[in-house]
**Student:** 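Sharing a structure with you now.
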Protein chains: 2
Amino acid sequence: MASRLVLTSWLNQMVNLSKKAKTQRVAATADKLDTKQKILAAAETEFMTRGYDGSRMQAIADRAGLNKAMLHYHFRSKDELFEQIFRDKASLLFPKAHEGLRAHTNFIEFTCGFVDMYLALLNQHPYLPFYMLQVATANAVLFSQVAADFPVKFVRAFTAAAKAGQIRDHDPQQFLLSLVGMCMWPFIGKNMIQHNLGLSDAVFATLLEQRAAEVKRYVVLLLTPEARAATRKKS
Amino acid sequence: MASRLVLTSWLNQMVNLSKKAKTQRVAATADKLDTKQKILAAAETEFMTRGYDGSRMQAIADRAGLNKAMLHYHFRSKDELFEQIFRDKASLLFPKAHEGLRAHTNFIEFTCGFVDMYLALLNQHPYLPFYMLQVATANAVLFSQVAADFPVKFVRAFTAAAKAGQIRDHDPQQFLLSLVGMCMWPFIGKNMIQHNLGLSDAVFATLLEQRAAEVKRYVVLLLTPEARAATRKKS
DNA sequence: GTCTATATTATGATAGAC
DNA sequence: GTCTATCATAATATAGAC
C-alpha cells in the first residue's frame with residue numbers, strides 16, 4: 001500500500017512532466033513568448049507527423065499563422081527548431097528513473113503500475129514513439145545526446161528481484177524487449193494494424209483501452225514464480 | 001508430423017519469396033535489365049534506410065554507378081521508382097496466408113513455427129518493418145494498395161482453435177498485437193534499444209538469436225489451456 | 001542506352017521596410 | 001517583432017548529343 005503510493009506519484013510525475021514544464025514556461029515570460037510557443041506547437045505537430053525530412057518550414061509557418069521569416073527570427077534554422085523540440089519530447093518518452101525503481105516492494109506490482117502509466121503516457125502522445133524512432137534512425141548523433149536511465153535500472157531491479165525469489169528467473173533484457181514492444185507497437189503500427197485488420201478508429205480505440213490489461217496479464221503470467229507449468233522450450 | 005511438414009514448407013516459401021522472384025527476373029531477361037537491376041538495388045538501400053523524403057536521386061545514381069538521367073530513363077520519376085520497390089517489399093513482409101493456416105493440426109505448434117520463420121525473415125530483411133511503417137504513416141494511399149490477408153485469417157484460425165478447446169480462450173486481436181510487437185520491436189527499435197541499454201552490435205545480435213525462444217515461451221505460456229493459474233486481473 | 005548540360009521548381013534562409 | 005520581397009541553393013526532371 002505504501003509502496004503503491006510512492007510508485008503512483010513517481011509514475012504520475014513522469015506522465016505529467018511536459019504539461020507542467022510548458023505551463024511554467026508560458027506563465028514565466030508572459031505574452032512575449034506567445035509567438036515562440038505558437039511556432040513550437042506548430043513545428044511539433046509537423047515534425048512529429050512528417051519527420052524532419054518531410055516537414056516544410058512553410059507548412060509550420062502556415063500552421064502557426066505566421067510567415068517563414070518569423071521562424072528564422074526565433075530559431076536560427078530548421079535544425080535548431082527541430083532539435084529544441086526533440087529534446088523536449090525525448091525527456092517525455094525517456095523519463096528519469098528516480099526513486100520509483102527502488103521504492104517498490106513487489107516487482108510484479110511495480111511493473112504492472114509502470115505498464116498502466118506508460119500506456120497512459122503513450123495515449124496522450126501517440127506519435128511520440130514513431131517520432132523518436134525516426135530520429136534514432138536518421139540522426140544517430142542527435143539521438144545519442146539524450147539519455148534514458150530507465151532501461152538499465154529496470155534490468156538491475158529485475159535481476160535483484162529474481163535473486164530474491166520475488167519473480168521467476170528470466171533474461172531481463174528479453175523481458176524488457178517484450179514489454180516495451182507490447183506497449184509501443186500499437187502506437188507505432190497503428191496505420192498498418194488498422195489497415196491489415198480492417199479496424200475503424202473506434203474499434204482500434206477500444207483495442208487500446210484493453211491493452212493495459214493484456215500486457216499486465218503477460219507480466220503476471222511470465223513473472224509469477226508459481227506459474228511455471230508449461231514453460232519448457234519447443235525447438 | 002505431417003502437419004509440421006506442410007507448415008514448414010509454407011513458411012519457408014514465404015521466407016524465400018523474394019530471393020526466388022529476383023533470380024527469376026534476372027535470368028529471364030538476361031543482361032539487358034542489368035542496369036535496371038542496379039538501379040533497383042541502389043534505390044532499395046537508399047529508400048529503406050533513409051525513407052522517401054530523405055532519399056536523393058543523386059545518391060541512388062551514385063550508389064548504382066550511374067547518373068541521374070538513367071534513373072529517369074528507366075523509371076519516369078522518383079515516385080514511380082519508389083512505388084515499384086515498395087510493392088516488391090510489401091509482398092515480402094505481408095506474405096499470403098494460403099494453406100498454412102488451415103493445414104495445422106495444433107494451433108500452438110503452428111504459431112511457434114510462424115514465430116521461427118517470421119523472425120528468420122526479419123533477420124534477412126531487418127530494415128523492412130520500419131520502412132513499411134514509414135510508408136504506412138507518410139503515404140496512406142500507397143500503403144492501402146497492398147493487402148495482407150494473414151492477420152484476418154490468423155484471427156479466424158485463433159477463434160476456431162479456441163472454440164475447439166485447443167487453446168485457452170483469449171482476445172485474438174490482442175494476442176496478435178502482442179505477438180507481432182514482440183517480433184518486430186527489436187528490428188524497429190534497434191538503434192534506440194542499443195543506445196538505451198548500451199549494447200554492442202555483437203551483444204544485440206545475441207539478443208536477436210535468443211528472441212525466438214523468448215517469444216515462443218510467451219505463446220506457449222499464454223495459449224496452453226492448462227496454464228491458467230495466475231491470470232486474474234490486477235486493476 | 002548512356003551521357004552532359006540545362007531547365008524548373010521547391011525550399012531554407014536573409015535583407016530591409018515598417 | 002513582424003512583415004514582404006528576394007536570394008541562393010538543392011533537387012527533380014528533361015533535352016539533346018553520341
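Proteins get letters first, then strands, A, B, ... in listed order; numbering begins at 1 in each. As a basis for the values below, the full set of heavy atoms in this structure was taken, side chains included, without hydrogen atoms, waters or symmetry mates.
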**Student:** The side chain of A:His74 is closest to which nucleotide in this list: D:dA13, D:dT2, C:dG1?
**Tutor:**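 Of the options given, the side chain of A:His74 lies nearest D:dT2.
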**Student:** Relative to the 5' end of DNA chain C, which residue comes earlier, A:Ser77 or B:Gly65, by the nucleotide with the nearest heavy atom?
**Tutor:**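 First, find each residue's nearest nucleotide; the 5'-ward one identifies B:Gly65.
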**Student:** So if I take every side-chain heavy atom of A:Ala69 and compare against C:dA13, C:dT14, D:dT2, which nucleotide ends up nearest?
**Tutor:**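 That would be C:dT14.
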**Student:** Roughly, in whole Å, what's the span from CG in A:Asp53 to P in C:dG12?
**Tutor:**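 Distance check: A:Asp53 CG to C:dG12 P gives 10 Å.
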**Student:** Would you say D:dA15 has OP1 or OP2 under 4.0 Å from some side-chain N or O of B:His72?
**Tutor:**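 Answer no for this pair, as no side-chain N or O of B:His72 is under 4.0 Å from OP1 or OP2.
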**Student:** Heavy atoms under 4.0 Å, any strand shown: does B:Leu71 hit a base, just sugar-phosphate, or nothing?
**Tutor:**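 Result for B:Leu71 = nothing.
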**Student:** Over how many whole Å does the gap from B:Met70 atom CE to C:dG1 atom C1' extend?
**Tutor:**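 Spelled out: CE on B:Met70 to C1' on C:dG1 is 5 Å.
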**Student:** Ignoring hydrogens and angles, tell me if any N or O in the side chain of A:Lys78 forms a donor-acceptor pair with the backbone of A:Ser55 under 3.5 Å.
**Tutor:**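 A pair under 3.5 Å: yes.
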**Student:** Looking at A:Arg56, does any N or O in its side chain come under 4.0 Å of the phosphate oxygens OP1/OP2 on C:dG12?
**Tutor:**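 Answer yes for this pair, as a side-chain N or O of A:Arg56 is under 4.0 Å from OP1 or OP2.
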**Student:** Counting side-chain heavy atoms from C-beta on, which of C:dA13, D:dA13, D:dC3 comes nearest to B:Lys78?
**Tutor:**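 Per side-chain heavy atoms of B:Lys78, the pick is D:dA13.
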**Student:** Any side-chain heavy atom of B:Leu122 within less than 4.5 Å of one from B:Leu93?
**Tutor:**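 Side chain of B:Leu122 against side chain of B:Leu93, heavy atoms only: contact under 4.5 Å found.
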**Student:** In whole angstrom, give the distance that lies between atom CD of A:Glu80 and atom C1' of C:dA13.
**Tutor:**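 Going from A:Glu80 (CD) to C:dA13 (C1'), I get 13 Å.
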**Student:** Would you compute the distance between atom CD1 of B:Ile60 and atom CG of B:Leu66 and round it to the nearest 0.5 angstrom?
**Tutor:**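 Rounded to the nearest 0.5 Å, the CD1-CG separation comes to 11.5 Å.
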**Student:** Calculate the interatomic distance between A:Phe75 atom CZ and D:dG1 atom P; express it in whole Å.
**Tutor:**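 From A:Phe75 CZ to D:dG1 P: 12 Å.
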**Student:** Taking B:Asp62 first and then B:Arg56, would you say they form a salt bridge - that is, a charged N and a carboxylate O separated by under 4.0 Å?
**Tutor:**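 Looking at B:Asp62 and B:Arg56, the cut-off is not met.
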**Student:** Using a 4.0 Å heavy-atom cut-off, does B:Met57 contact any base of the nucleic acid, only the sugar-phosphate backbone, or nothing at all?
**Tutor:**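 Answer is sugar-phosphate: B:Met57 comes under 4.0 Å of backbone atoms only.
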**Student:** Using the closest heavy atom to pick a nucleotide of DNA chain D for each, name whichever of A:Lys68 or A:Tyr73 lands nearer the 5' end.
**Tutor:**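 Nearest nucleotide further toward 5': that of A:Tyr73.
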**Student:** Could you state the CD-P distance from B:Gln58 to C:dA10, rounded to the nearest angstrom?
**Tutor:**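 These atoms are roughly 20 Å apart.
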**Student:** Are A:Thr35 and D:dG1 close enough that a side-chain N or O sits under 4.0 Å from OP1 or OP2?
**Tutor:**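 For A:Thr35, the contact criterion (side-chain N or O under 4.0 Å from OP1 or OP2 of D:dG1) is not met.
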**Student:** May I have the distance from A:Lys38 (atom NZ) to D:dG1 (atom C1'), rounded to whole angstrom?
**Tutor:**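 A:Lys38 atom NZ is separated from D:dG1 atom C1' by 12 Å.
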**Student:** Mind calculating the distance between CZ (B:Phe82) and P (D:dT12) to the nearest angstrom?
**Tutor:**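 For the pair B:Phe82 CZ and D:dT12 P, the rounded distance is 13 Å.
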**Student:** So, do B:Phe130 and A:Phe130 have ring centers that fall under 6.0 Å from each other?
**Tutor:**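 Yes: the rings meet the under 6.0 Å criterion.
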**Student:** Between A:Arg76 (CZ) and C:dA15 (C1'), how many Å, whole number?
**Tutor:**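 Checked: the CZ to C1' distance equals 15 Å.
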**Student:** Which of these nucleotides, C:dC3, C:dG12, D:dT12, is closest to any side-chain atom of B:Leu66?
**Tutor:**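 Nearest to the side chain of B:Leu66 among the choices is C:dC3.
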